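Inspection log for the structure reproduced underneath, given as structure tokens.
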Amino acid sequence: MMLLLVAGAAALVAPGSRPSGAVACRGAAYDYCVQALGCTAAEATKAEGALLPNIAESMTRTQIDCVCDWLQSSLDLSDAELKKVILWAPSLLGYSV
């Protein structure tokens with residue numbers, strides 16, 4: 001069953017007809033992973049999906065830059081190593097430094 005809202009031009013789909021994980025946030029974390037780390041869309045989506053929704057939605061590119069710059073300098077990581085660390089533990093993007 002599909003309903004179409006004319007005012008918002010958005011389609012509402014019955015809960016059972018949508019595959020789980022179909023909605024992607026594609027916020028600052030996704031953008032950073034793709035643009036700065038060179039991640040694929042799938043890697044970036046997986047990393048951002050591992051974050052709590054309220055954290056993912058409230059992140060800014062500036063905050064993520066600060067965290068990743070701090071991680072890279074403190075741990076003396078190359079760009080490739082930083083990418084591995086972020087993909088292994090995406091929750092690090094939500095930390096305050």
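Atom set for the values below is all heavy atoms of this structure, side chains included, hydrogens, waters and symmetry mates excluded. This is a predicted model, so every value here is computed, not measured.
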In this structure, would [X] and [Y] fall into the same cluster of hydrophobic residues linked by side-chain contacts under 4.5 Å?
X   : Y   : answer
W88 : Y32 : no
Y30 : L51 : no
L71 : I55 : yes

Supply the atom-to-atom distance C39 SG to D31 CG, rounded to the nearest 0.5 angstrom.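 Those atoms lie 11.5 Å apart.
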Just how far is it from atom CD of Q72 to atom CG of L82, taken to the nearest 0.5 Å?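 It comes to 5.0 Å.
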Quick check: do [X] and [Y] have side-chain heavy atoms less than 4.5 Å from each other?
X   : Y   : result
T45 : T40 : no
L77 : K84 : no
L37 : E43 : no

Shortest non-hydrogen contact from [X] toward [Y]:
X   : Y   : answer
Y95 : V67 : O-CG2, 3.0 Å
G38 : K83 : O-NZ, 3.4 Å
L87 : A47 : CD2-CB, 4.1 Å
C68 : L93 : SG-CD2, 3.6 Å

Show your reasoning for whether side chain to side chain contact (heavy atoms under 4.5 Å, CB included) applies to E81 and D76. CA-CA 9 Å; E81 291 168 328; D76 195 30; over 6 Å; no
Has E48 got a side-chain atom pairing as donor or acceptor with G27's backbone, closer than 3.5 angstrom?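 Flag set: sc E48 to bb G27 pair under 3.5 Å.
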Considering only NZ, NE, NH1 and NH2 on the basic side and carboxylate oxygens on the acidic side, decide whether R61 and D65 come within less than 4.0 Å.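 A salt bridge is present here (some side-chain N lies under 4.0 Å from a carboxylate O).
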